[in-house]
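Residue numbers count from 1 along this sequence. Atoms within each ligand, like the ligands themselves, are counted from 1 in listed order. Being a predicted model, the structure only gives us computed values, none of them experimental.
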Amino acid sequence: MKTERLFFLTKANADIIDITGELRKAVSSWQISDGILFLSVIGSTAALTTMEFEPGLVKDFKQSLESLFPYRADYAHNLTWSDDNGHSHLRSAYLKTSIFVSVSNGALDLGTWQQVVLLDFDTRPRKREVVLKIIE
Ligand code: ZN
């Protein structure tokens, strides 16, 4: 099994970053033909998923997160630590911090309008670590 760590600087409050290009570079540098790429973001206020990465949908995604887990709501977590990111932890837990993408003939099995995105829900800028594992 191969391991690689990628780092991304994120802005606060539901930053959504397309990381598909970095994943393609990793798969290409490893010269993987067929396998499974597992990726995981370290932390409890971020997530990984796939979506069509275009400005309209990015806006829709942020709006739907705000209506499901509003920033301004009463979260017990915020009282526990005098924190302001109870909503960030909930968004992360519901969306999950890891995904698998299969690799066939050296390419990620993604649709034309499907990108892998890193989502950061924390209330301050962060440096995020994404761990990649490839299973051949
Ligand atoms: Zn917290």
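- Vertex the Zn ion (ligand 1), arms ending at OD1 of Asn85 and NE2 of His77: the angle is 90° after rounding to 10 degrees.
- Taking backbone and side chain together, Asn78 holds no N, O or S atom under 2.8 Å from the Zn ion (ligand 1).
- For Asp83, the N/O/S atom at the shortest distance from the Zn ion (ligand 1) is named OD2.
- The distance from atom OG of Ser98 to atom CG of Leu48, rounded to the nearest 0.5 Å, is 7.5 Å.
- For Phe69 and Phe121, the gap between ring centers reaches or exceeds 6.0 Å.
- In this structure, CZ on Arg24 lies 14.0 Å from OG on Ser29, to the nearest 0.5 angstrom.
- Annotation: cation-pi geometry satisfied between Lys127 and Phe7 (NZ/CZ under 6.0 angstrom from ring centroid, within 45° of ring axis).
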